[in-house]
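Residue numbers begin at 1 in each chain, while the letters A, B, ... track the order of the sequences. The structure presented is a predicted model; accordingly, all values stated were derived computationally and were not measured.
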Amino acid sequence: MFDNFVVPDLLPAAPELFLAAMAAVILLADVFIKDSRRTVVFALTQLTLLGCLVIQFVTMTGEVTFTFSNMFVDDLMADLLKAVLYMTVFVVLFYSRGYVLDREPMAKGEFYVLTLFATLGMMVMISANHFLTIYLGLELLSLSLYAMVAMNRDSVASTEAAMKYFVLGALASGLLLYGMSMIYGATGTLEITGIGQLLMTGQANKTVLVFGLVFLVAGLAFKLGVVPFHMWIPDVYHGAPTAVTLFIGSAPKLAAFAVTMRLLVTGLITLSQDWQVMLIILSVLSMAIGNLAAIAQTNIKRMLAYSAISHMGFMLLGVTTGVVGGDARMALNAYSSAMFYVVSYVLMTAGSFGMILLLSRAGFEADNLDDFKGLNKRSPWFAGMMMIMMFSMAGIPFFIGFFAKFAVLQAVVAAGYMWLAIAAVIFSLIGAFYYLRVVKLMYFDQPADETPLVAPLDMRVLLSANGLAVAVLGMFPDILMIGCVLAIRHSVIA
Amino acid sequence: MSSYPLLSLAIWIPIVAGLLVLATGADRNAPLARWLSLVGAAIGFLVTIPLWTGFDSGSAAMQFVELAPWIVRFNVNYHLGVDGISMLFVLLNSFITVIVVLAGWEVIKDKVAQYNAAFLIMSGLMNGIFTALDGVLFYTFFEASLIPLYIIIGVWGGPNRVYAAFKFFLYTLAGSLLFLVALIYLYVHSGGSFSILEWQQLPIPLASQTWLFLAFLVAFAVKVPMWPVHTWLPDAHVEAPTGGSIVLAAIALKLGAYGFLRFSLPIAPDASHELSGFVIALALIAVVYIGFVALVQSDMKKLVAYSSIAHMGFVILGFFMFSAIGVEGALVQMVSHGFVSGAMFFCIGVMYDRVHSRQIADYGGVVNTMPKFAALFMLFSMANSGLPATSGFVGEFMVILGAVKFNFWVAFAVATSMIIGAAYNLWMYKRVVFGAVANHHVAELTDINKREFLILALLAAGTLWMGLYPQPFTEVMHASVNELLHHVANSKIQ
């Protein structure tokens, strides 16, 4: 009965397989490791991520390769996004280490194992070419994140955040599944490239398709965290332990971007007229509400949450401008700009939350804006790093955030949406206010708390490297930009 | 022509020097930071001198050109060059930087390294603005130069410094974001070029030109500043430390005016002609109305700030009469204002350091205790009111001459400002310097020391040189100004 069974080509999925195996090994090994030697788990986790990065590069072909009966795809976009993903998680774990050690319920090996499983989920999402694969990756990521948010189990805020995240996350997954089933009903296939080809020939019930599309976009919007599906973001960012917020706020944006590309561009590009209108509404609302609400925050995690909403809205502008009047000539320009935006954003946001972790210590969460008061007196170097992050997020040159905004704006203007570009810059101006306020607190105010910073050396070095990367990539953004162009050219619009 | 990349040196020497000064760290190394800054500023000034001595006045082309690819993805180049319009400003800026470092020598005792570094970095960035021939390069320098001034006002400023710093930053950012959209529009319209020189050749329909012109106008009018978007300037001046005021008045205001010559006039000549009446009206309001506003000020810094706005009104008026004498007069006025307003703010700083008040009412009879100072202050007050034989006269005279040819009533209105200018400057001088010794503060004043004398002497030398023998200054402008007017005279509508 196994006559038809063909052993799938495992090479394109080598990093995923390696990570899954290592996560299982670490989970088992953790049982036998004493609390005092928990560093071993940390080291193994980091080595796993480095191993993934190496395997990724070794097995990289530059071509679009399908495997597991076309359910899984490996292409340049997947390679690039996954490489950024490994590095992000690697850095995130270094930033979180001290924080996790200081908080008893989190100081177990589970934190690392869950991080690895979440990473695996994201990798699967990035490489998914099938509705089921997407769902599989998404749930692996989400379930790991629910547990991580609740990990600091004695904290009421964390528990509440986890509940909220779980309920809304389940709802969003339901929406996504419902949309997928509609599209399956219209096309008879779950395979994304198959749907794309089928729609090109135009044999599908448009009404059912668009109906499914609405649910699909709603599900995606929830995962990206754009208005009006953003309600969970501020509460979860605020309630989760900062180390987990750092993780949620950075890496999953890469996966959500990849899924958006796969579903909307590879699968449903023929419906671009319909989903572009939806995305324009989502993105303008996100920039408006994200930037306005961020002004009112006193908690920096909440402020960065609203800032995340506005940034994802800005990124979506790039996705909305790929097809103009049925002409897809601008697609490469637009999607690569959006991808550049996401990668830049992840770099900035990792550094910003890293700064909160740097200022935190045992029994003290530096999550209020006022905790940044007078940082320039306490540590001029790290005040400078945070200043770089904030100006970069505000889109001031020579930092990478400026070129991210520049690339997307350029795509918007090239597509002829002048009013959208003007709206985007006006909301950026509003956004600049609250980033400037952080700089004001650090530089213009006197410190309320003179405690010296206690972070370990490795974290200081990495955080400095992160800040300098934001500045140096801002001066030389070309490599990353061209990387994004190549990735998009050899993947979703191949 | 020199084989050294002089313009790159003029930009990067101050910036690198600024970073080195930052590295000296805490205030126990303050003397080192001061000397290092002075050396950096001095070298930065010395490398700009060959720009003048080696300048070919007969050519209207860009000189000392440097061209290298920067961001290939968007065809952005590291393209530098100077012509007769921009060359003098590079020198002026580098010269003023030396003055500023000297001006803060004994006065700034808190965070000396950061203070000097901010000025050096800003100096490099502003040289970048004057020499950039690529739209994106210009914009990045233009925006990045906001950061140091924001920090300078916010950290070393007066009691209301936070308000002033935010107002300065957000006002300027608001203007320049629309400018960014305009740049991107030109990039798309020109088929993928960011070269300012290519844009100047580009045919553009009148409607687009009008929009471009208005976008430029918003950006540069805020920066100049023109009435009615001038309100940030008095706030910024009053709160800024002396050095900040000097740079703001002497250089930062020139950036906006320079933008008109580099962007508005040559890229949108037809719209410039169309809307010249509107701009001239704004300029006349600035000259006459703001002159009266200056008259009633009780704070000396505010008075000079308003007088700066009035002088910049002269400059804008000179540009929009589209005659060689008007534009050259305006350029001379810009350079002259760099010396004179810088000196005026320094004089006020000298008194403020001793008495800690800028109110005119707190002074009287300063000549009795500070005779040397009173003599030099007299010179600059006269220059600020446009007395013949000082630099202030030359520019104003040329602009009025141009105005007479252009329209008698415009000339009449602008000439009244000579009277208003003399009134507010000399009235302030009389109340502060002459009369009986007003109070014990004035009685205890000590005359200027050698450092202060040196600064004022250097500025006085510049003022008198330009006033008595302006030939070397105007000579370098002729070819470039004629070329510019040639551009402006030719319609670009096709």
Side-chain angles (χ1 to χ4, degrees), chain A residues 330 333 336-337 340 376-377 380-381 383-384 387-388 390-391 394-399 402-403 405-416 418-422 424-430 432-433 436-437 439-445 474-485, chain B residues 15 22-23 25-26 69-74 76 78 110-111 113-114 117-118 125 128 136-137 139-147 150-157 161-163 165-166 169-171 173-189 192 194 208 211 215:
Chain A
M330 300 308 291
N333 185 17
S336 61
S337 299
F340 180 70
N376 186 37
K377 277 245 164 62
W381 175 258
M387 179 172 76
I388 291 177
M390 289 296 111
F391 278 123
I396 307 291
F398 284 87
F399 306 116
F402 165 70
F403 288 101
K405 284 205 161 65
F406 172 79
V408 169
L409 277 179
Q410 169 275 133
V412 173
V413 174
M418 192 56 92
W419 67 272
L420 210 49
I422 291 174
V425 295
I426 289 173
F427 290 126
S428 303
L429 175 70
I430 297 171
F433 172 77
L436 280 181
R437 190 172 53 189
V439 178
K440 173 236 165 199
L441 289 169
M442 293 191 301
Y443 280 85
F444 305 172
D445 290 350
M475 291 210 195
F476 305 99
D478 212 23
I479 303 165
L480 195 53
M481 280 181 175
I482 288 175
C484 292
V485 171
Chain B
I15 292 180
L22 264 189
W70 179 28
I71 304 173
V72 180
R73 162 87 164 88
F74 293 116
V76 174
Y78 180 76
D110 184 32
K111 303 191 208 79
Q114 291 188 351
L125 293 174
V136 176
L137 191 65
Y139 185 82
T140 46
F141 282 127
F142 195 71
E143 285 281 89
S145 69
L146 300 182
I147 300 175
Y150 172 74
I151 299 282
I152 288 166
I153 297 175
V155 177
W156 295 276
R161 60 187 198 275
V162 174
Y163 171 76
F166 271 80
F169 198 103
L170 293 176
Y171 246 81
L173 188 66
S176 47
L177 282 171
L178 288 176
F179 177 48
L180 177 65
V181 177
L183 293 183
I184 294 174
Y185 171 82
L186 279 167
Y187 166 74
V188 174
H189 184 74
F194 272 112
S208 306
W211 285 114

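- Between chain B and the residues A/Phe476, A/Phe402, A/Phe444, the largest count of heavy-atom pairs under 4.5 Å involves A/Phe444.
- The parts of B/Tyr185 that come within reach of chain A are both its backbone and its side chain, each placing non-hydrogen atoms under 4.5 angstrom from that chain.
- For a residue to count as touching a neighbouring chain, one of its non-hydrogen atoms must lie under 4.5 Å from one of that chain's; by this rule B/Ala165 touches chain A with the side chain only.
- Looking at residues two or more places apart in sequence or on another chain, you find no salt bridge (charged side-chain N to carboxylate O under 4.0 Å, His left out) involving A/Asp478.
- Residue with the most contacts toward chain A among B/Ile184, B/Ile151, B/Val188, B/Val181: B/Ile184 (heavy-atom pairs, distance under 4.5 Å).
- Interface residue B/Tyr150: backbone and side-chain heavy atoms are both found under 4.5 Å from chain A.
- Looking at B/Ile71, both its backbone and its side chain come within 4.5 Å of chain A, counting heavy atoms on both sides.
- For a residue to count as touching a neighbouring chain, one of its non-hydrogen atoms must lie under 4.5 Å from one of that chain's; by this rule A/Tyr443 touches chain B with backbone and side chain alike.
- Taking CZ of B/Phe166 as the start and CZ of B/Arg161 as the end, the distance is 11.5 Å to the nearest 0.5 Å.
- Here the straight-line distance linking atom NZ of B/Lys111 with atom CH2 of B/Trp156 works out to 6.5 Å at 0.5 Å rounding.
- Ranked by heavy-atom pairs shorter than 4.5 Å toward chain A, the options B/Tyr139, B/Tyr187, B/Trp70 are led by B/Trp70.
- Atom OG of A/Ser337 sits about 7.5 Å away from atom CE of A/Met481, to the nearest 0.5 Å.
- For the atom pair OG of A/Ser428 and NZ of A/Lys405, the computed distance is 4.5 Å after rounding to the nearest 0.5 Å.
- Inter-residue side-chain proximity for A/Gln410 and A/Asn333 is flagged as met; some heavy-atom pair is nearer than 4.5 Å.
- Of the listed residues (B/Leu177, B/Val155, B/Leu22), the greatest number of heavy-atom pairs within a distance under 4.5 Å of chain A belongs to B/Leu177.
- In this structure, the portions of A/Phe433 lying under 4.5 Å from any heavy atom of chain B include both its backbone and its side chain.
- The side-chain heavy atoms of A/Phe391 and A/Pro397, taken from C-beta on, include no pair separated by under 4.5 Å.
- Looking at A/Phe403, only its side chain comes within 4.5 Å of chain B, counting heavy atoms on both sides.
- In this structure, the separation between CZ on A/Phe399 and OG1 on B/Thr140 is 11.5 Å, given to the nearest 0.5 Å.
- Per-residue heavy-atom pair counts under 4.5 Å with chain B were compared for A/Ile482, A/Leu436, A/Ile396, and the maximum is reached by A/Leu436.
- In this structure, chain B has heavy atoms under 4.5 Å from both the backbone and the side chain of A/Ala407.
- Between A/Leu441 and A/Asp445, the shortest heavy-atom distance links the atoms CD2-OD2, 3.3 Å.
- Only the side chain of A/Lys377 comes within contact range of chain B, with at least one heavy atom under 4.5 Å from a heavy atom of that chain.
- Only the side chain of B/Leu125 comes within contact range of chain A, judged by heavy atoms closer than 4.5 Å.
- Interatomic distance, B/Ile147 CD1 to B/Ile152 CD1, rounded to the nearest 0.5 Å: 12.0 Å.
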